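These notes concern the structure reproduced below.
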Protein chains: 2
Amino acid sequence: MSTREQLLDAALRTLNADPTASLADIAEAAGVGRATLHRHVAGRDELVRELGARSLDRWEQTQDASGMADAIADGGAGALTDCLRAMFPRLVVDAEDYGFALTDGFLMCEADLVARSAELEAREVELWRSAQAAGVVRRDLPARWFLHAGYGLLVAARDALRAGDVARRDVADLVLDTLLHGITSTDTTDTTTPKGGAR
Amino acid sequence: MSTREQLLDAALRTLNADPTASLADIAEAAGVGRATLHRHVAGRDELVRELGARSLDRWEQTQDASGMADAIADGGAGALTDCLRAMFPRLVVDAEDYGFALTDGFLMCEADLVARSAELEAREVELWRSAQAAGVVRRDLPARWFLHAGYGLLVAARDALRAGDVARRDVADLVLDTLLHGITSTDTTDTTTPKGGAR
DNA sequence: TCCATATGAGACATCAATGTCTCATATGGA
DNA sequence: TCCATATGAGACATTGATGTCTCATATGGA
């Protein structure tokens, strides 16, 4: 891994912990002089743009690795369900790795990032529409709402992990379960094994 | 309404639109000189602390107006369900009014705000626990997850409204419906009237 | 009219973050 | 060893936000 990438990794870690961290903070966290940081990254703008692009790369990889395109092409309920079940665990990891990018609003000031983000969103909306058509998810709600709801639950997952309220190994199931089935009590005599360890 | 409150309102509007707005921006948006803003508010810290306190006031009002305490005391499924159905429409409005406070992380740097927030969170967790005990919501998920999930869906609602993806009149139902029942298709022959106007 | 108060405009100093630069040093290969 | 390159430390200037101050003006009541 190049020095530049190591610096960007350190910057990501630092900004996840404190989105307002200064370049001096980042350089210190990277164990590097401030001048050295500037030698590899032109400035804060470039650094943030780079990390934003990385987060979109990751999102795209997640879509690809989940077989989103194939599932949409297939159109069957099984394929679409499998895609969702493959995608959300990855998205939860992404949301934690790129936590600061999830809620910080400076990414959406860069035109190219906005465009890419819209592109990836459009792909995901396509997935939701296919899932509606296949009868996997409700047709009485707007497909774009699923996008926002999924995103919101990723924020919830990130925050729950940060607060230590849920176990890392449970959180992906928690998100998908909540999104798909909601939190209403399903059975009257609940004897199933707890998922997140009800406390 | 006092001048100070009018200024705080303008600050809230401005910060909702752009969380990085400077005091000069806020003063301009309020139609007031920068000096006048400083005459009423000591500085940015005080302004933000004040708005944070307001958002917590609103949250507390929403809890009270939804009869949360009574519902917990009652403990019945009906009372608890009514409370949830009264609370979320209000929370959605709160999330829109205090949108910047929803995801911006400077509030949680003020010890007193953190304490109050934890207090209100604890109340809401109590509600969720009661709802679990009453069989209203699932017992196989940690109660604190419901807190995060509800919060995440409020973020989703705010973003969906900002993006123009859902109608304002639908969004509260959308949130509660998604949280309680999830997005899985419930019936095979869907002839119900669309809620958000599936597009 | 006269006066007290609030305001707008703007000057001014301060401060933190940023970006650039220099120089001594360290590292690693020829 | 000798040299090229990368680095660390730090000086320096710049910039934007912030906070304070003054003064002329406006407003509204006595």
Side-chain angles (χ1 to χ4, degrees), chain A residues 1-55 98-101 103-113, chain B residues 1-55 98-101 103-113:
Chain A
M1 179 163 28
S2 76
T3 310
R4 177 186 164 88
E5 282 168 6
Q6 288 177 330
L7 289 179
L8 289 174
D9 282 347
L12 181 58
R13 279 194 304 273
T14 310
L15 289 175
N16 274 340
D18 173 18
T20 71
S22 68
L23 294 186
D25 296 331
I26 293 171
E28 186 185 356
V32 119
R34 208 162 62 87
T36 303
L37 180 61
H38 275 288
R39 282 185 192 104
H40 290 86
V41 181
R44 192 189 187 84
D45 286 350
E46 179 181 316
L47 190 150
V48 166
R49 216 177 315 121
E50 199 78 31
L51 292 181
R54 279 179 160 217
S55 77
Y98 289 88
F100 88 100
T103 46
D104 264 66
F106 43 62
L107 295 179
M108 296 313 143
C109 301
E110 294 290 332
D112 49 343
L113 293 184
Chain B
M1 178 163 28
S2 76
T3 309
R4 176 185 165 88
E5 282 169 6
Q6 287 177 332
L7 289 179
L8 288 174
D9 282 348
L12 181 58
R13 279 193 305 273
T14 309
L15 289 174
N16 274 340
D18 173 19
T20 70
S22 69
L23 293 186
D25 296 330
I26 293 171
E28 186 186 356
V32 121
R34 208 162 61 88
T36 303
L37 180 61
H38 276 288
R39 282 186 193 105
H40 289 86
V41 181
R44 192 187 188 84
D45 287 350
E46 179 181 317
L47 191 150
V48 166
R49 215 178 314 121
E50 198 79 30
L51 291 181
R54 278 181 161 216
S55 78
Y98 290 88
F100 87 100
T103 45
D104 263 66
F106 43 61
L107 295 179
M108 295 313 143
C109 302
E110 295 289 332
D112 50 343
L113 293 185

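First the proteins, then the strands, lettered A, B, ... as listed; each starts at 1. These numbers were taken from a predicted model, which means no experiment stands behind them.
- Along DNA chain C, the stretch of nucleotides lying under 4.0 Å from any heavy atom of chain B spans, 5' to 3', dT7(C) to dA11(C).
- Heavy-atom distances under 4.0 Å link DNA chain D to Arg34(B), Ala35(B), His38(B), Arg39(B) of residues 34-42 of chain B, given in residue order.
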Wobble G-U and Watson-Crick pairs count when both distances are under 3.5 Å; given that, what is the 5' to 3' dot-bracket string of DNA chain D, with | for pairing to other strands? ||||||||||||||||||||||||||||||
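- Here the CG-CG distance, from Leu12(B) to Leu8(B), works out to 8.5 Å after rounding to the nearest 0.5 Å.
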Quick one: side chains of residues 44-53 of chain A, donor-acceptor pairs under 3.5 Å with protein atoms, not counting sequence neighbours, listed by atom name and distance.
residue  : atom : partner   : partner atom : Å
Arg44(A) : NH1  : Ala21(A)  : O            : 3.1
Arg44(A) : NH2  : Ala21(A)  : O            : 2.9
Glu46(A) : OE1  : Ala42(A)  : N            : 3.4
Glu46(A) : OE2  : Arg4(A)   : NH1          : 3.2
Glu46(A) : OE2  : Arg4(A)   : NH2          : 3.4
Arg49(A) : NE   : Glu110(A) : OE1          : 3.3
Glu50(A) : OE1  : Arg4(A)   : NH2          : 2.8

Show the atom names and distances, to 0.1 Å, of all donor-acceptor pairs under 3.5 Å that link a side chain in residues 26-41 of chain B to residues at least two apart or in another chain.
residue  : atom : partner  : partner atom : Å
Thr36(B) : OG1  : Arg39(B) : NH1          : 3.4
His40(B) : ND1  : Thr36(B) : O            : 3.0

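- One distance of note links OH of Tyr98(A) with CG of Asp104(A); it measures 15.0 Å at 0.5 Å rounding.
- Looking at Asn16(B), its side chain never comes within 3.5 Å of a backbone N or O of Arg13(B) through a donor-acceptor pair.
- Residues of residues 25-33 of chain A having a heavy atom closer than 4.0 Å to DNA chain D, listed by number: Gly31(A), Val32(A), Gly33(A).
- Residue Phe100(A) holds its CZ atom at 10.5 Å from OG1 of Thr14(A), rounded to the nearest 0.5 Å.
- Between the side chain of Asp25(B) and the backbone N or O of Ser22(B) there is at least one donor-acceptor pair closer than 3.5 Å.
- If you take CZ of Arg44(B) and P of dT18(D), they are 5 Å apart, rounded to a whole angstrom.
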